[in-house]
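Note sheet for the following structure.
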Amino acid sequence: MIAEIGPLGPEEREARLRSLGGPEPRPVRPPRSTSGDETSQDLPDLPGAEKGRVTLRFAPFPSGALHVGHARAIFLNDTYRQRYDGRFFLVFDDTVGSAEKRPTLDSYDLILEDFELAGVKLSKIYYKSDRLPEYYRHLPPLLQTGSAYVCLCPAELLRHRREAREACPERDREARWQLEAWEGMLSGRYGEGEAVVRLKTDLNHPNPAFRDRVLFRISNLDHPRVGQRYRVWPLLEFSWAVDDVELGITHVLRGKDLVMEDEMEQALWKAWGWTGPRFAHFGLLRIREAKLSKSKFQREIASGVFDGWADPRTWSLRSLWRRGIRPEAVRQFILSFGLSLADIEVPAETLYAMNRHLIDPTTPRRAFVPEPVPVKVMGDPLGPRAVALANHPEHPEMGERTLQVEDSFYLPGRDVAAHRGEEVRLKDLLNVRLPPAGGPGPLLAEFTSQPNKPLPRLQWVPMGEAVPVSVLGIEHQRTEGFGEGDLARAPEGSLFQFERFGFVRADALPTSPGEPRRFFFAHP
RNA sequence: GCUCCCGUAGUCUAGUGGUCAAGGAUAGAGGCCUCUCGAGCCUCUGACGCGGGUUCAAAUCCCGCCGGGAGCACCA
């Protein structure tokens with residue numbers, strides 16, 4: 001019997017099974033994803049998620065603008081929020097930090113603005129620095145039950161004992177002493193580094209970091225929002241263990257670098273007898289071209305080497321928005337990676353391709369002439385005239401613009417140098433022969449014909465209406481040149497494709513005459 | 001070193017025992033189209049890390065190995 005079924009094709013086998021009264025054929029597999037615009041459909045469901053009953057959160061440390069790494073958390077959370085018609089909180093993870101890692105006041109607005117520009121709606125915004133009383137309130141029960149204790153070891157000794165799997169003398173002191181010592185911490189009896197609160201876990205835990213982890217410590221650092229109102233600060237795991245439950249979070253989506261925190265939060269919930277949200281993780285995402293170093297950026301911005309957080313070299317989200325990379329492209333880009341645990345490194349090219357698909361159909365074309373050289377066309381029989389050019393070659397409904405053409409133009413220096421003595425076409429206009437060598441003054445090119453011919457095509461700008469244009473590149477280098485007249489009036493934020501150059505986004509209008517019109521380069 | 005995670009084309013991803021002689025994207029090659037070095041259309045190149053096992057059947061399950069990553073603070 002088995003030997004008989006083996007060689008059958010799948011359909012025959014299915015039919016045969018049915019005729020034998022076998023099990024129902026399994027349902028047809030859903031069609032495969034066949035398009036590149038990955039959507040939320042490719043993401044797995046969140047465990048135990050019910051429509052209308054999902055609350056998610058994103059918890060950035062406010063020390064600068066959001067970068068592409070954050071985008072993964074943000075768009076994943078937002079996508080699930082939409083899928084389940086849930087809520088999405090922003091919780092500023094602004095405990096006092098450390099000497100090397102400190103919150104900065106301007107970061108709060110930067111982050112809020114980044115969300116707005118990303119088009120991600122927030123249901124509510126919290127600040128951990130407002131919630132210290134909540135954290136304080138939940139510690140005494142742990143002291144009471146012996147789940148946590150006040151440790152008076154200096155940092156060095158603490159580390160050493162942890163390494164040696166050794167308990168410190170305070171570990172087993174009675175609850176009364178613990179509560180009293182905690183009051184002492186709050187009232188200032190101990191100085192910075194003199195006392196911490198630790199969770200009582202397994203001193204033999206294979207990972208030393210788990211062995212009686214520190215929950216609270218004393219810090220005299222000034223906090224940008226609350227100054228020195230508090231001296232006792234919780235560490236990340238403690239504050240999260242409280243907030244994730246108190247704020248009603250149902251699912252925590254966090255980077256894989258934070259998996260250890262799951263276990264710590266769970267240990268605390270167990271001590272309190274609470275049930276917390278579920279966790280899901282995603283691997284670390286890196287854009288190949290992006291060399292990320294937040295502290296370096298902070299320095300370079302402070303010293304003026306970098307042009308703020310929107311400097312393209314930071315690869316911050318706002319730097320992408322400024323270049324004309326649409327949040328929607330970043331969202332697609334992010335969602336295409338799914339919820340994978342693998343750490344990935346992706347070339348920016350992939351993001352560019354998505355953005356290009358997105359903006360190409362609606363982005364008007366313009367001529368931009370880099371490294372311009374003046375050229376005078378001799379013998380054009382048509383004389384001065386107005387020339388109408390389509391804004392988009394494939395979309396006539398996008399209209400056209402009109403250029404006043406006389407005999408003087410700017411042409412791209414590199415193209416002119418490459419085609420000395422040759423015939424070239426000024427795209428959409430006429431054909432000329434370039435002189436073999438230049439003398440003083442404008443190059444004199446000779447008109448050859450008007451109709452289109454298969455010649456090298458150069459972009460051009462009539463000298464009479466050339467607008468100085470400066471394009472800021474991805475490495476913050478500038479390309480200077482001339483552009484078409486109406487670029488001078490293009491509103492900030494408008495996108496163009498500079499033909500044979502790339503996609504750009506217009507910066508603010510110049511504030512003083514004589515300044516070039518500035519653009520940001522998005523990608524080829 | 002310890003703990004955890006991950007291995008599908010150059011890169012990213014689909015795939016959860018049979019419809020996979022492995023799908024898509026991006027990159028690359030060629031062609032068509034186009035008055036842009038853009039877009040579009042067509043074709044092609046290219047992958048299940050290795051070795052065992054389970055099974056009629058393995059990219060998919062198990063074991064081992066190899067390779068890669070992350071974490072190991074009184075930072076977040």
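Keep in mind the model is a prediction, meaning the values are calculated, not measured. Numbers restart at 1 for each chain; the letters A, B, ... are given by sequence-line order, proteins then strands.
A:Glu349 comes within 4.0 angstrom of the backbone, heavy atoms only, and of no base. Contact annotation for A:Ser340: backbone-only contact, meaning every heavy-atom pair under 4.0 Å involves sugar-phosphate atoms and none involves a base.
The aromatic ring centres of A:Tyr126 and A:Phe89 sit less than 6.0 Å apart. Annotation: A:Phe216 is in aromatic contact with A:Trp182 [ring centroid separation under 6.0 Å].
A heavy-atom distance below 4.0 Å to RNA chain B is reached by these residues of residues 422-431 of chain A, ordered by number: A:Arg425, A:Lys427, A:Asp428.
Annotation: side-chain contact (heavy atoms from CB on, under 4.5 Å) contacts of A:Arg278 (sequence neighbours excluded): A:Pro47, A:His251. Every residue two or more places apart in sequence or in another chain that forms a side-chain contact (heavy atoms from CB on, under 4.5 Å) with A:Leu285 is listed here: A:Arg72, A:Ile334, A:Phe337, A:Ile344, A:Val346. Among residues two or more places apart in sequence or in another chain, the salt bridge (charged side-chain N to carboxylate O under 4.0 Å, His left out) test is passed with A:Asp222 by none. In this structure A:Tyr149 satisfies the ring-ring contact (aromatic ring centres under 6.0 Å, His included) test with no other residue, sequence neighbours excluded. Partners of A:Ala181 by side-chain contact (heavy atoms from CB on, under 4.5 Å), not counting sequence neighbours, listed by chain and number: A:Val150, A:Trp177, A:Tyr190. By the ring-ring contact (aromatic ring centres under 6.0 Å, His included) test, A:Phe520 pairs with no residue at all, sequence neighbours left out. The side-chain contact (heavy atoms from CB on, under 4.5 Å) test applied to A:Leu235 returns A:Val214, A:Arg217, A:Glu237, not counting sequence neighbours.
Between A:Arg457 and A:Asp428 no salt bridge is recorded (no basic side-chain N to carboxylate O distance below 4.0 Å).
Taking the side chain as every heavy atom from C-beta outward, A:Thr95 and A:Pro234 approach each other to under 4.5 Å.
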Between protein and nucleic acid, restricted to nucleotides 9-11 of chain B and to nitrogen or oxygen atoms under 3.5 Å apart, what atom pairs and distances do you find?
unit_1, atom_1, unit_2, atom_2, d
B:U11, O3', A:Glu345, O, 3.4

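Distance, A:Trp460 CH2 to B:C35 P: 16 Å, rounded to whole Å. Between the CE atom of A:Met354 and the P atom of B:U13 there is a distance of 11 Å, rounded to whole Å.
For A:Leu341, taking side-chain heavy atoms from C-beta onward, the closest of the listed nucleotides B:C12, B:C35, B:C6 is B:C6.
For the C1' atoms, the distance linking B:U60 with B:C75 amounts to 41 Å, nearest Å. Nucleotides B:A29 and B:G46 have their C1' atoms positioned 11 Å apart, rounded to a whole Å.
Side-chain atoms of A:Arg254 never come within 3.5 Å of backbone atoms of A:Phe282 as a donor-acceptor pair (strictly under, hydrogens ignored).
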Given pairs defined as Watson-Crick or G-U wobble with both distances under 3.5 Å, what dot-bracket annotation applies to RNA chain B, with ( ) intrastrand, [ ] crossing, | other strand and . unpaired?
(((((((..((((....[....)))).(((((.......)))))....(((((..]....))))))))))))....
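A donor and an acceptor atom, one from each side chain of A:Glu263 and A:His205, are located under 3.5 Å apart.
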Reading nucleotides 70-76 of chain B from the 5' end, what letters show protein touch, with B for base, S for backbone sugar-phosphate only, - for no heavy atom under 4.0 Å?
SSS-BBB
Base, backbone or nothing for each nucleotide of nucleotides 39-46 of chain B, written B, S, -, heavy atoms under 4.0 angstrom, 5' to 3'?
BS------
